[in-house]
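Within every chain, numbering begins at 1; the chains are lettered A, B, ... in the order of the sequence lines, protein sequences first and strands thereafter.
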There are 2 protein chains.
Amino acid sequence: MNIAEEEESLPKRESDHGGEASAVVPHETEVVRPKVAVDTALFAMEDARLKCYLVQLQAGALASKWAFPGGLVRVGETLDGAARREIEDAAGLRDIYLEQVFSFGDPSRDPDAHVVSVAYMALIPEAGAARLGSRKYADGQWFEVARLPALAYDHTELAGYALQRLRSRLRYMDIARNLLPPTFTMGDLQDIYQSVLERGIDRRNFRRWMLTTDLLERLPGKRRGAHRPATIYAFRKRNEEAFRML
Amino acid sequence: MNIAEEEESLPKRESDHGGEASAVVPHETEVVRPKVAVDTALFAMEDARLKCYLVQLQAGALASKWAFPGGLVRVGETLDGAARREIEDAAGLRDIYLEQVFSFGDPSRDPDAHVVSVAYMALIPEAGAARLGSRKYADGQWFEVARLPALAYDHTELAGYALQRLRSRLRYMDIARNLLPPTFTMGDLQDIYQSVLERGIDRRNFRRWMLTTDLLERLPGKRRGAHRPATIYAFRKRNEEAFRML
DNA sequence: CCAAAAGTGTTGAGTATACACCCATGA
DNA sequence: TCATGGGTGTATACTCAACACTTTTGG
């Protein structure tokens, strides 16, 4: 790839000069290029179900449609940095688990301009930690993954990719730690696996498998609930190493 | 993500106006944005070894360095389309297997400008099919994956990601078909698995496993070589379905 | 004492791996 | 005839999935 070489030889294109984006008129000598954005599918557990966070667009051709929070990448900024900035803007969350998933570049995905979107997946331990209002969007809301509304852009596809990535990571990595508070019970952990993988798992086999991975640490107390008290666990500091399951 | 809303409110940045890219000066009212490029790691088998195709950069701060072929995405063009165009330009290849791998966006990855690069992996059945000279690059060359030279940009990292993706696909999908001619022997197929996974595989177990997947079709003839003639196989039309291995 | 969740153990099926032997060809 | 890769079979270890029983609490 060579920027300096291509920059001059490329023909100017007019095809993206429709819509609202043309409010900004490039200089005659400027070559028009696709823009870069990031969009993040944020997941959390709530009521033993996997949910994801959506906002309602406020402007543009798709105003009032639901979408994942995101925005344009600025010059000098990393992609991860842009995703974190947008998540903090939209939901007031910092230092969360973030992972790049896929890039969407269909020129017609955004009716306002040609925008290449780098999609991210993010995980937080408590849905309640997300601020629902923001400067940029009217209101955020948590939706059950199985019952998402119609989404703007290609975000329905994005949701599928992000979920697929989450499932894959759950099978081979200790990613579940990012969906849990510091301490939890074996039942809490199994809820994650069951709702993300969308299938029942035998309680006893799950327990045995999870303990043999040696990722968990048994803590002294018990959690008291409606029935027999449950052992409290925490994830060990770090294993960094992938492992296998199921 | 909302373009119309952000477009005006974003501050202009000067940080990327060093280097050769500043030959193109944006208009005063134009907002400077990161550019989007695609870069493709092209793989093929040669002498029972996995190789990948590199070109030498001709201009810019990294001229004469080796890199994967790629270039800027044009407005109105899909990412896949841009990758295919660049591969055809660089190596004269069309209708090849192509898969998006990862996007790299570190602002300092290209000393000439802030360029976000969407990385692709491509596979072809014959290394010899690639044209080595091109309009854009001096000469292409096939390198053993285990012995790559120093690469420009973050392309060493790209190579790692692409290889990791290839390994993963080999385990669960019939992606090997894209590295093989229409007909081949069990030995040819095993060469791919061994060189991509970088480990020896028991010949008899490999054969049994591969045949139970039911992806192969036994063809009538035999391939005669230095020793006992080998059965000729072809991949069945399409299974589309993922499967598991090892 | 009963319902419901937590904790512990066993067993059989299916899969993966290691390995032995014979076959067909060119040199 | 021998070196080399091709073709077929078998024994064993291991993992996975199905399932039974007991324990501990709250109501």
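- If you check the side chains of B:Tyr233 and B:Asp188, you find no donor sitting under 3.5 Å from an acceptor.
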So which protein N/O to nucleotides 25-27 of chain C N/O distances come out below 3.5 Å?
residue : atom : partner  : partner atom : Å
C:dG26  : O4'  : B:Ala226 : O            : 2.7

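- Using cut-offs of 30° and 60° on the angle between ring planes, the pair B:Phe206 and B:Trp209 is tilted.
- Of the N and O atoms on the side chains of B:Tyr137 and B:Asp89, not one donor lies less than 3.5 Å from an acceptor on the other residue.
- Between A:Trp66 and A:Phe143, the two ring planes are perpendicular [angle over 60°; tilted spans 30° to 60°].
- Taking atom CH2 on B:Trp209 and atom C1' on C:dG14, their separation rounds to 17 Å, with Å as the unit.
- Distance CE (B:Met210) to C1' (C:dA16): 15 Å, rounded to an integer number of Å.
- Distance B:Asp188 CG to D:dG7 P: 11 Å, rounded to the nearest Å.
- Between the side chains of B:Ser108 and B:Asp106, a donor-acceptor pair is found at a separation under 3.5 Å.
- A:Val38 and A:Glu86 make their closest contact through CG2-CG, 4.2 Å (heavy atoms, listed as atom of the first residue, atom of the second, distance).
- Rounded to whole Å, the distance from CZ on A:Arg223 to P on C:dG7 is 11 Å.
- Donor-acceptor pairing under 3.5 Å is recorded for the side chains of A:Ser117 and A:Asp39.
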Once base and sugar-phosphate atoms are separated, protein heavy atoms under 4.0 Å mark nucleotides 9-14 of chain D, 5' to 3', with B, S and - as BB----

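- For the pair B:Arg207 CZ and C:dT17 P, the computed distance is 18 Å after rounding to whole Å.
- In terms of phosphate contacts, A:Thr231 brings no side-chain nitrogen or oxygen within less than 4.0 Å of OP1 or OP2 of C:dA6.
- Among pairs with a residue in residues 138-147 of chain B, those fulfilling side chain to side chain donor-acceptor pair (under 3.5 Å) read B:Arg49-B:Glu144, at least two apart in sequence or across chains.
- Between B:Phe104 and B:Phe102, the ring-plane angle classifies as perpendicular under the 30° and 60° cut-offs.
- In this structure, B:Gln190 places its CD atom 8 Å from P of D:dG6, rounding to the nearest Å.
- Regarding A:Phe206, its CZ atom lies at a distance of 15 Å from the C1' atom of D:dC16, rounded to whole Å.
- Computed from coordinates, the B:Arg203 CZ to C:dC19 C1' distance equals 11 Å when rounded to whole Å.
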